[in-house]
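Step one of this worksheet: look at the structure below.
One-based numbering, in listed order, for ligands and for the atoms of each. Residues: numbered from 1 along the sequence shown. Side chains included, hydrogens not; waters and symmetry mates left out as well; all remaining heavy atoms used. Since the model is a prediction, treat every value here as computed from it, not as a measurement.
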Amino acid sequence: MENKYRLIIAYNTAQMLLVDKVLRTAGIQTELVPAPPETGTVCAIAVKIDLSELENSSETLKQNDIKVKDIIEEKKLKLQGLIDEKLGRAVTAEFINILRKIENGDGLNKDEIVYLLSTQKPREIEAIYTAADRIRKEMVGDVVEIRGAIEFSNYCCKSCNYCGINAKNHGASRYRMNEDEIMEVVHDLYKVGIKTVILQSGEDAQWTTERLIELIKRIKRETGMRVTLSVGEKRREEYEALREAGGNNFLLKIETTNRELFKEIHPDDDYDHRIQCSKWLKELGYINGSGNIIGLPGQTVEDIAVDILYFKEMGINMIGIGPFIPAKGTKYENHPHGGIEETLRAVAVTRIVCKKVYIPSTTALASLDKDAQVMALQCGANTIMLISTPEEYRRSYRIYDNKNMVDMEAAVYAVTKAGRKMPEYIKIMKKEERRMKNDE
Ligand code: 5AD
């Protein structure tokens, strides 16, 4: 049977957003969805419309002088064989129904997501992880992307209650790297073949947008690397200027979509404004990162289900999911850390729902157990972030306690143990891989 949806593929993100806006203004219902693999990179987004709106949409685009790359039938990701006889009585009828929807590539609703996040039946959990791993393989393949993160300043003007470097934590020892120090690390990363550098910091007024712009330009000029920014909330003009300077990706996590909880953990921030920032980033053509923390005080599985639906509806491209870990000197220093199992489940269900996205196997998971990073790779995750902050500073970037300093060796360990591939472009791999193999 013919599929009843069509995907409009645009030439770039800005055009895709324009298409979406023009169609919506004409009263046509649209949805932003990840574009299928054959139409572009991992982060390409398409505009989905109902088949019955096809003619109307084409006409509207023509009237507005918008030429698109292609309009194709939406092919759902079909997964055969998730349901097999062996599941038998070990799973509920409700679970079988959800699996059937996953097999058919149909979207899941909140109740179904809650079910997947909360089931304790071993056979059901196994089937969820298997589905997530298969979807990961279909959508983004076996290579684990490796990125280098430079945490270049831990000065912060915000007082987020969970974060160890919040402004009110006077126990935190502060540092701020300068341009030359940062460039030294950038060049080290470049030498081993890493293609993306993540610049992360607290919201530090000394590291102004002007300085960041000069830094991005310098990175581009000297290495041509892709730049991911993770520097918090800014004005739209600033995001725009950083994008023009060469910023490619932006990480700005929502942390939780529960409004009350958001307010409770972010006394200085406004929930709607955070979402507005995320929308601006998308409009400006950034590859857009978000994510949440699992195990925040009072957070429920319903909250996590809504987070996952939010990532999907916002068309988020990179989704960082980590367990809460207490940080000394903060309001929640005695609150227990989030569970590894709960976090892995959120990773798996996010992969099942959001499909073609980057999901890091987070440093926070590695901080609870180095094998948790292996497990995340096996149930949906496909990237690893190396902590590339210089030795003399990294210990002070204490957003939570006992943070793991994931290095290349740890990344090779996780990738190899998970049975996956390092990117071809990483140069020092060969030797280390050999050593890993010899040790087995
Ligand atoms: N526990 C877990 N994650 C944390 N982060 C900050 N503090 C904590 C904590 N105590 C995460 C946030 C932020 C990212 C840089 O680190 O999700 O977006």
Please identify which atoms of ligand 1 are closer than 4.0 Å to at least one heavy atom of Ile293.
-> 3 (N), 4 (C), 12 (C), 17 (O)
For ligand 1, which atoms have a heavy atom of Gln200 less than 4.0 angstrom away?
->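 So the atoms of ligand 1 that pass are 15 (C).
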With a cut-off of 6.0 Å (strictly less than), are more than 12 heavy atoms of other residues, nucleotides or ligands near CZ of Arg398?
-> no
Identify the closest protein heavy atom to [atom]: which residue and atom is it, and at what distance?
{"atom": "atom 12 (C) of ligand 1", "answer": "Glu255 OE2, 3.4 Å"}
{"atom": "atom 2 (C) of ligand 1", "answer": "Pro323 O, 3.2 Å"}
{"atom": "atom 7 (N) of ligand 1", "answer": "Tyr162 CD1, 3.3 Å"}
{"atom": "atom 9 (C) of ligand 1", "answer": "Ile325 O, 3.4 Å"}
{"atom": "atom 16 (O) of ligand 1", "answer": "Ile399 CD1, 3.4 Å"}

Cut-off 3.5 Å, side chains only: do Gln373 and Tyr413 have a donor facing an acceptor?
->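 No, Tyr413 and Gln373 have no side-chain donor paired with an acceptor closer than 3.5 Å.
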Consider only side-chain N and O atoms of Ser367 and Lys403, and report whether a donor and an acceptor are under 3.5 Å apart.
->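 Their side chains do not contain a donor-acceptor pair, so the 3.5 Å distance test is not met.
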Aromatic centroids of [Y] and [X] separated by under 6.0 Å:
{"X": "Phe324", "Y": "His335", "answer": "yes"}
{"X": "Tyr175", "Y": "Tyr393", "answer": "yes"}
{"X": "His266", "Y": "Tyr271", "answer": "no"}

Hey, is His337 one of the residues with a heavy atom under 4.0 angstrom from ligand 1?
->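 No heavy atom of His337 comes that close to ligand 1.
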Note: Ser230, heavy atoms under 4.0 Å from ligand 1, region reported as neither
Between the side chain of Arg351 and the main-chain N/O of Val357, is any donor-acceptor distance below 3.5 Å?
-> yes
